[in-house]
Amino acid sequence: MNIRKPAKTQIPRGPTVWFYAVACALVTIWLIGPTVPIKADEPEEVAIALSLAKMLQAGREVISSNQALINDPNRGDKGLSGDVVLAAAIENYKKATGIDPLSISPTSREGHLLRSEMAAIKEVVDENQSYINEKGTGFKGFIPAIFARLVTERLEEKIGTELLIKVTAPPQLVRNRKSRPDEWEQSVIEGKFLDPEWTRGEVFYQTQPNAGRDAFRVMVPEYYAASCLSCHGQKKGEVDITGYPKEGANEGDLGGVISITLFRRQQ
(Lines give C-alpha, C1' and ligand atoms only; values in the text may rest on other atoms or scores of the structure.)
Protein backbone atom coordinates (compact mmCIF):
# COMPACT_ATOMS: atom_id res chain seq x y z
CA MET A 1 0.00 0.00 0.00
CA ASN A 2 1.32 3.45 -0.86
CA ILE A 3 1.06 5.80 2.09
CA ARG A 4 1.42 9.52 1.65
CA LYS A 5 4.24 10.80 3.80
CA PRO A 6 2.91 13.48 6.16
CA ALA A 7 4.47 16.85 6.76
CA LYS A 8 6.95 16.83 9.60
CA THR A 9 4.54 18.06 12.24
CA GLN A 10 1.39 16.44 10.89
CA ILE A 11 -0.16 13.21 12.03
CA PRO A 12 0.65 10.21 9.82
CA ARG A 13 -2.30 8.83 7.87
CA GLY A 14 -3.15 5.27 7.01
CA PRO A 15 -1.86 2.21 8.93
CA THR A 16 1.26 3.99 10.15
CA VAL A 17 -0.75 6.25 12.45
CA TRP A 18 -1.31 3.43 14.91
CA PHE A 19 2.41 2.72 15.20
CA TYR A 20 2.94 6.13 16.76
CA ALA A 21 0.36 5.89 19.53
CA VAL A 22 1.63 5.49 23.07
CA ALA A 23 -1.83 5.91 24.59
CA CYS A 24 -5.32 6.77 23.37
CA ALA A 25 -6.38 9.17 26.07
CA LEU A 26 -3.98 8.92 28.96
CA VAL A 27 -5.60 10.88 31.76
CA THR A 28 -3.02 12.53 33.91
CA ILE A 29 -2.51 12.60 37.62
CA TRP A 30 -2.13 16.36 38.22
CA LEU A 31 0.84 16.73 40.53
CA ILE A 32 1.01 19.60 43.00
CA GLY A 33 4.74 19.14 43.39
CA PRO A 34 7.44 16.60 44.11
CA THR A 35 7.19 14.70 47.36
CA VAL A 36 10.86 13.72 47.36
CA PRO A 37 13.35 15.91 49.23
CA ILE A 38 14.79 18.76 47.16
CA LYS A 39 18.42 19.80 47.56
CA ALA A 40 19.26 23.45 48.01
CA ASP A 41 20.65 23.87 44.49
CA GLU A 42 17.83 22.02 42.74
CA PRO A 43 14.40 23.51 43.55
CA GLU A 44 14.35 25.84 40.56
CA GLU A 45 15.08 23.07 38.08
CA VAL A 46 12.49 20.76 39.65
CA ALA A 47 9.87 23.49 39.57
CA ILE A 48 10.63 24.35 35.94
CA ALA A 49 10.42 20.72 34.87
CA LEU A 50 7.09 20.20 36.64
CA SER A 51 5.75 23.41 35.11
CA LEU A 52 6.64 22.19 31.63
CA ALA A 53 5.10 18.77 32.32
CA LYS A 54 1.89 20.41 33.50
CA MET A 55 1.65 22.52 30.34
CA LEU A 56 2.03 19.42 28.18
CA GLN A 57 -0.65 17.69 30.26
CA ALA A 58 -2.87 20.76 30.02
CA GLY A 59 -2.72 20.77 26.22
CA ARG A 60 -3.19 17.03 26.02
CA GLU A 61 -6.28 17.32 28.21
CA VAL A 62 -7.82 19.73 25.68
CA ILE A 63 -7.30 17.24 22.86
CA SER A 64 -8.65 14.41 25.01
CA SER A 65 -11.81 16.27 26.02
CA ASN A 66 -12.52 17.21 22.40
CA GLN A 67 -12.16 13.74 20.84
CA ALA A 68 -15.89 13.46 20.08
CA LEU A 69 -15.79 16.81 18.30
CA ILE A 70 -12.58 16.06 16.40
CA ASN A 71 -13.98 12.72 15.23
CA ASP A 72 -17.40 14.07 14.18
CA PRO A 73 -17.61 13.10 10.48
CA ASN A 74 -20.53 15.45 9.84
CA ARG A 75 -18.81 18.64 10.91
CA GLY A 76 -16.12 20.48 9.04
CA ASP A 77 -14.64 23.41 10.92
CA LYS A 78 -14.39 22.28 14.53
CA GLY A 79 -13.40 25.69 15.89
CA LEU A 80 -10.26 24.16 17.38
CA SER A 81 -7.62 26.52 16.06
CA GLY A 82 -4.21 26.74 17.63
CA ASP A 83 -5.26 29.86 19.52
CA VAL A 84 -8.40 28.15 20.88
CA VAL A 85 -6.55 25.03 22.02
CA LEU A 86 -3.75 27.06 23.58
CA ALA A 87 -6.21 29.28 25.45
CA ALA A 88 -7.93 26.20 26.86
CA ALA A 89 -4.57 24.68 27.78
CA ILE A 90 -3.62 27.84 29.64
CA GLU A 91 -6.88 27.62 31.60
CA ASN A 92 -6.17 23.98 32.46
CA TYR A 93 -2.69 24.95 33.58
CA LYS A 94 -4.12 27.71 35.79
CA LYS A 95 -6.56 25.28 37.42
CA ALA A 96 -3.80 22.76 38.07
CA THR A 97 -1.21 25.19 39.42
CA GLY A 98 -3.04 28.35 40.47
CA ILE A 99 -0.62 30.30 38.29
CA ASP A 100 -1.15 32.13 35.00
CA PRO A 101 1.76 30.98 32.82
CA LEU A 102 1.67 34.30 31.00
CA SER A 103 2.45 36.05 34.29
CA ILE A 104 5.84 34.31 34.46
CA SER A 105 8.50 36.65 33.15
CA PRO A 106 9.59 35.71 29.61
CA THR A 107 13.13 36.68 30.57
CA SER A 108 13.25 33.97 33.23
CA ARG A 109 14.28 30.46 32.29
CA GLU A 110 10.87 29.04 33.14
CA GLY A 111 9.03 31.77 31.25
CA HIS A 112 11.21 31.36 28.19
CA LEU A 113 10.79 27.58 28.08
CA LEU A 114 7.05 27.73 28.78
CA ARG A 115 6.47 30.22 25.99
CA SER A 116 8.39 27.99 23.60
CA GLU A 117 6.18 25.08 24.65
CA MET A 118 3.01 27.13 24.23
CA ALA A 119 4.15 28.23 20.78
CA ALA A 120 4.72 24.57 19.88
CA ILE A 121 1.18 23.68 21.00
CA LYS A 122 -0.32 26.40 18.81
CA GLU A 123 1.79 25.52 15.78
CA VAL A 124 1.03 21.79 15.93
CA VAL A 125 -2.72 22.36 16.12
CA ASP A 126 -2.69 24.94 13.33
CA GLU A 127 -0.64 22.68 11.07
CA ASN A 128 -3.13 19.82 11.52
CA GLN A 129 -6.31 21.74 10.78
CA SER A 130 -6.90 19.82 7.55
CA TYR A 131 -7.07 16.57 9.53
CA ILE A 132 -9.07 17.94 12.46
CA ASN A 133 -11.64 19.53 10.12
CA GLU A 134 -11.88 16.71 7.58
CA LYS A 135 -15.54 15.88 6.82
CA GLY A 136 -16.69 12.37 6.05
CA THR A 137 -14.06 10.75 8.27
CA GLY A 138 -14.77 9.58 11.80
CA PHE A 139 -11.75 8.60 13.84
CA LYS A 140 -9.01 11.02 12.82
CA GLY A 141 -6.10 9.64 14.80
CA PHE A 142 -5.40 13.07 16.30
CA ILE A 143 -5.31 11.61 19.79
CA PRO A 144 -3.60 12.99 22.91
CA ALA A 145 -0.50 10.83 22.45
CA ILE A 146 0.01 11.94 18.85
CA PHE A 147 -0.51 15.55 19.89
CA ALA A 148 2.04 15.22 22.71
CA ARG A 149 4.61 13.61 20.44
CA LEU A 150 4.25 16.34 17.82
CA VAL A 151 4.52 19.07 20.46
CA THR A 152 7.66 17.59 22.01
CA GLU A 153 9.24 17.11 18.58
CA ARG A 154 8.45 20.71 17.63
CA LEU A 155 9.84 21.88 20.96
CA GLU A 156 13.06 20.00 20.27
CA GLU A 157 13.32 21.76 16.91
CA LYS A 158 12.90 25.10 18.65
CA ILE A 159 15.08 24.76 21.74
CA GLY A 160 16.57 21.28 21.75
CA THR A 161 19.90 22.64 22.97
CA GLU A 162 18.15 23.86 26.14
CA LEU A 163 15.44 21.32 26.77
CA LEU A 164 14.16 17.88 25.78
CA ILE A 165 10.79 16.42 26.71
CA LYS A 166 9.73 12.88 25.90
CA VAL A 167 6.65 10.90 26.81
CA THR A 168 7.90 7.39 27.42
CA ALA A 169 6.63 4.28 29.24
CA PRO A 170 7.64 0.83 30.39
CA PRO A 171 9.13 -0.82 27.27
CA GLN A 172 6.30 -3.34 26.86
CA LEU A 173 3.78 -0.47 26.61
CA VAL A 174 5.64 1.67 24.08
CA ARG A 175 3.99 1.75 20.65
CA ASN A 176 6.38 4.25 19.10
CA ARG A 177 10.05 3.32 18.85
CA LYS A 178 11.04 6.97 19.24
CA SER A 179 9.39 6.90 22.66
CA ARG A 180 11.34 3.95 24.03
CA PRO A 181 13.06 4.80 27.32
CA ASP A 182 16.80 5.21 27.26
CA GLU A 183 18.96 3.25 29.68
CA TRP A 184 18.62 5.79 32.49
CA GLU A 185 14.88 6.25 32.00
CA GLN A 186 14.32 2.51 31.99
CA SER A 187 16.31 2.15 35.20
CA VAL A 188 14.07 4.73 36.88
CA ILE A 189 10.89 3.11 35.56
CA GLU A 190 11.90 -0.38 36.65
CA GLY A 191 13.81 0.51 39.81
CA LYS A 192 11.52 3.24 41.12
CA PHE A 193 8.08 3.62 39.54
CA LEU A 194 7.32 -0.11 39.23
CA ASP A 195 8.58 -0.84 42.73
CA PRO A 196 5.55 -1.65 44.94
CA GLU A 197 7.16 0.47 47.66
CA TRP A 198 7.32 3.58 45.47
CA THR A 199 4.87 6.29 46.50
CA ARG A 200 2.27 6.70 43.77
CA GLY A 201 2.68 9.96 41.86
CA GLU A 202 6.09 10.76 43.33
CA VAL A 203 8.48 12.23 40.78
CA PHE A 204 12.14 11.26 40.45
CA TYR A 205 14.94 13.66 39.57
CA GLN A 206 18.70 13.49 39.29
CA THR A 207 21.68 15.27 37.85
CA GLN A 208 22.36 12.97 34.93
CA PRO A 209 24.08 13.52 31.56
CA ASN A 210 22.00 13.27 28.41
CA ALA A 211 23.29 13.30 24.84
CA GLY A 212 26.79 13.75 26.24
CA ARG A 213 25.91 16.97 28.05
CA ASP A 214 25.51 17.91 31.70
CA ALA A 215 21.83 17.91 32.51
CA PHE A 216 19.20 17.79 35.21
CA ARG A 217 16.55 15.17 34.52
CA VAL A 218 13.08 14.78 35.96
CA MET A 219 10.68 11.85 35.52
CA VAL A 220 6.95 12.36 36.13
CA PRO A 221 4.90 9.13 36.35
CA GLU A 222 1.37 8.93 34.93
CA TYR A 223 -1.26 6.29 35.54
CA TYR A 224 -4.12 4.78 33.57
CA ALA A 225 -7.55 6.14 34.41
CA ALA A 226 -10.78 4.32 33.57
CA SER A 227 -11.11 6.23 30.28
CA CYS A 228 -7.76 4.84 29.11
CA LEU A 229 -8.88 1.25 29.31
CA SER A 230 -10.94 1.28 26.12
CA CYS A 231 -7.57 1.25 24.31
CA HIS A 232 -5.28 -0.28 26.92
CA GLY A 233 -7.43 -2.51 29.11
CA GLN A 234 -9.03 -5.91 28.76
CA LYS A 235 -8.99 -8.23 26.97
CA LYS A 236 -5.28 -8.26 26.42
CA GLY A 237 -4.56 -8.76 22.75
CA GLU A 238 -7.92 -7.51 21.50
CA VAL A 239 -7.59 -4.87 18.80
CA ASP A 240 -8.50 -1.36 19.98
CA ILE A 241 -9.93 1.50 17.93
CA THR A 242 -6.46 2.41 16.72
CA GLY A 243 -5.88 -1.06 15.31
CA TYR A 244 -3.36 -1.98 17.99
CA PRO A 245 -3.66 -4.89 20.47
CA LYS A 246 -4.69 -3.91 23.98
CA GLU A 247 -2.14 -4.28 26.75
CA GLY A 248 -4.55 -5.67 29.35
CA ALA A 249 -3.88 -2.81 31.77
CA ASN A 250 -5.91 -2.00 34.87
CA GLU A 251 -6.94 1.37 36.25
CA GLY A 252 -4.11 2.80 38.33
CA ASP A 253 -1.33 0.95 36.52
CA LEU A 254 1.71 2.95 35.44
CA GLY A 255 0.89 3.96 31.87
CA GLY A 256 3.51 6.51 30.94
CA VAL A 257 6.23 8.87 32.10
CA ILE A 258 7.00 12.43 31.10
CA SER A 259 10.79 12.67 30.95
CA ILE A 260 12.21 16.20 31.07
CA THR A 261 15.85 17.07 30.46
CA LEU A 262 17.08 20.54 31.36
CA PHE A 263 20.52 21.01 29.90
CA ARG A 264 22.92 22.94 32.07
CA ARG A 265 24.87 25.80 30.64
CA GLN A 266 28.50 25.13 29.96
CA GLN A 267 30.75 26.91 32.43
>> Looking at every heavy atom in both Ala120 and Arg154, which two are closest together, and how far apart are they?
In response: CB-CG, 3.8 Å

> Would you call Lys95-Glu91 a salt bridge at under 4.0 Å N-O?
Replying inline: no

> Of all residues at least two apart in sequence or in a different chain, which pass the side-chain hydrogen bond (donor to acceptor under 3.5 Å, both in side chains) check with Asn66?
Replying inline: none

Considering only distance and modelled atom types, tabulate donor-acceptor pairs under 3.5 Å from the side chains of residues 250-257, sequence neighbours left out.
{"unit_1": "Asp253", "atom_1": "OD2", "unit_2": "Asn250", "atom_2": "N", "d": "2.8"}

> Using 30° and 60° as the class limits, which term best fits the ring planes of Phe204 and Trp184: parallel, tilted or perpendicular?
Replying inline: tilted

>> Can a donor-acceptor pair be found, under 3.5 Å and without considering hydrogens, that links the side chain of Asn210 to the backbone of Ala215?
In response: no

> For residues Ser51 and Tyr93, is any side-chain donor paired with an opposing acceptor at under 3.5 Å?
Replying inline: yes

> Does the Gln67 side chain pair with the main chain of Ile63, one donor and one acceptor, at a distance under 3.5 Å?
Replying inline: yes

> What pairs with Gln234 under side-chain hydrogen bond (donor to acceptor under 3.5 Å, both in side chains), at least two apart in sequence or on another chain?
Replying inline: none

> Does a side-chain heavy-atom distance below 4.5 Å link Phe147 with Val125?
Replying inline: yes

>> Quick check against the 3.5 Å criterion: does Glu202 have a side-chain atom that pairs as donor or acceptor with the backbone of Pro221?
In response: no

> Ile165 and Glu117: which non-hydrogen atoms are nearest, and at how many Å?
Replying inline: CD1-OE2, 4.0 Å

> Atom CE of Met219 and atom CD of Gln208: how far apart are they, to the nearest 0.5 Å?
Replying inline: 11.0 Å

> To the nearest 0.5 Å, what is the distance between OG1 (Thr207) and CG (Asp214)?
Replying inline: 8.5 Å

>> Are more than 12 heavy atoms, taken from residues, nucleotides or ligands other than Gln172, located less than 6.0 Å from that residue's CD atom?
In response: yes

> Transitive ILVMFWY cluster of Leu164 at side-chain heavy atoms under 4.5 Å: who else is in it?
Replying inline: Phe263

> Is Val218 close to Leu52 at the side-chain level, that is, under 4.5 Å between some pair of heavy atoms?
Replying inline: no

>> Checking Lys158 now: which residues fulfil salt bridge (charged side-chain N to carboxylate O under 4.0 Å, His left out) with it, not counting sequence neighbours?
In response: Glu123

>> The test is side chain to side chain contact (heavy atoms under 4.5 Å, CB included); show your working for Leu150 and Glu153 and say whether it passes.
In response: CA-CA 5 Å; Leu150 295 177; Glu153 288 178 357; 4.3 Å; yes

>> Nearest 0.5 angstrom please: Thr168 OG1 to Arg180 CZ, how far?
In response: 10.0 Å

> Which pairs count as salt bridge (Lys or Arg N to Asp or Glu O under 4.0 Å) when at least one residue sits in residues 70-85, sequence neighbours excluded?
Replying inline: Asp83-Lys122

> If you measure from CG on Leu113 to CG on Leu155, what distance do you get to the nearest 0.5 Å?
Replying inline: 8.0 Å

> Which pairs with one or both residues in residues 100-111 pass salt bridge (Lys or Arg N to Asp or Glu O under 4.0 Å), sequence neighbours excluded?
Replying inline: Glu45-Arg109, Lys94-Asp100

>> Go through it in stages, so that I can follow the logic: the residues are Phe216 and Val46, the test is side chain to side chain contact (heavy atoms under 4.5 Å, CB included), and I'd like the CA-CA distance, side-chain angles, deciding distance and then a yes or no.
In response: CA-CA 9 Å; Phe216 186 79; Val46 174; 3.7 Å; yes

>> Apply side chain to side chain contact (heavy atoms under 4.5 Å, CB included) to residues Leu163 and Glu156 and explain how you reach the verdict.
In response: CA-CA 7 Å; Leu163 166 74; Glu156 182 176 358; over 6 Å; no

> Given side chains that start at C-beta, do those of Glu162 and Arg264 come closer than 4.5 Å, heavy atoms only?
Replying inline: no

> Is a side-chain donor or acceptor of Lys140 paired with a backbone partner of Ile70 at a separation under 3.5 angstrom?
Replying inline: yes

>> Could you check whether any side-chain heavy atom of Lys166 comes within less than 4.5 Å of a side-chain heavy atom of Lys178, counting everything from C-beta outward?
In response: no

> Can you list the residues that meet the side chain to side chain contact (heavy atoms under 4.5 Å, CB included) rule with Pro171, with sequence neighbours excluded?
Replying inline: Pro181, Gln186

> Residues in side-chain hydrogen bond (donor to acceptor under 3.5 Å, both in side chains) with Ser105, at least two apart?
Replying inline: Thr107

> Looking at CD1 of Ile132 and CG of Asn71, how far apart are the two atoms once the value is rounded to the nearest 0.5 Å?
Replying inline: 10.5 Å

> Quick one: is the NZ or CZ of Arg200 closer than 6.0 Å to the six-membered ring centre of Tyr223, and within 45° of its axis?
Replying inline: yes

> Listed by chain and number, what are the salt bridge (charged side-chain N to carboxylate O under 4.0 Å, His left out) partners of Glu238, not counting sequence neighbours?
Replying inline: Lys246

> Taking Ser108 for the side chain and Gly111 for the main chain, is one N or O donor matched with an acceptor at less than 3.5 Å?
Replying inline: yes

> Looking at residues at least two apart in the chain, or sitting in another chain, which of them share a salt bridge (charged side-chain N to carboxylate O under 4.0 Å, His left out) with Lys192?
Replying inline: none

> Can you tell me how far CG of Leu50 sits from CD of Gln57, rounded to the nearest 0.5 angstrom?
Replying inline: 9.0 Å

> Taking C-beta and beyond as the side chain, do Ile159 and His112 meet within less than 4.5 Å on heavy atoms?
Replying inline: yes

>> Using side-chain heavy atoms (C-beta onward) and a distance below 4.5 Å, is Phe142 in contact with Tyr131?
In response: no

> Do you know which two heavy atoms are closest between Val167 and Ala148, and how far apart they sit?
Replying inline: CG2-CB, 4.3 Å

>> With heavy-atom distances below 4.5 Å as the criterion, would you say the side chains of Pro101 and Leu114 are in contact?
In response: yes

>> Please give me the minimum heavy-atom distance between Pro245 and Gly237, naming the atom from each residue.
In response: CB-O, 3.7 Å

> Does the pair Arg217/Glu185 count as a salt bridge with the N-to-O cut at 4.0 Å?
Replying inline: yes

> Of all residues at least two apart in sequence or in a different chain, which pass the side chain to side chain contact (heavy atoms under 4.5 Å, CB included) check with Thr161?
Replying inline: Arg213

> Any sub-3.5 Å donor-acceptor pair from Thr152's side-chain atoms to Arg149's backbone N or O?
Replying inline: yes

>> Looking at Arg60 and Ile143, would you say the former's side chain and the latter's main chain have a donor-acceptor pair under 3.5 Å?
In response: no

> Do Ile90 and Met118 come close enough that some side-chain heavy atom pair is under 4.5 Å?
Replying inline: yes

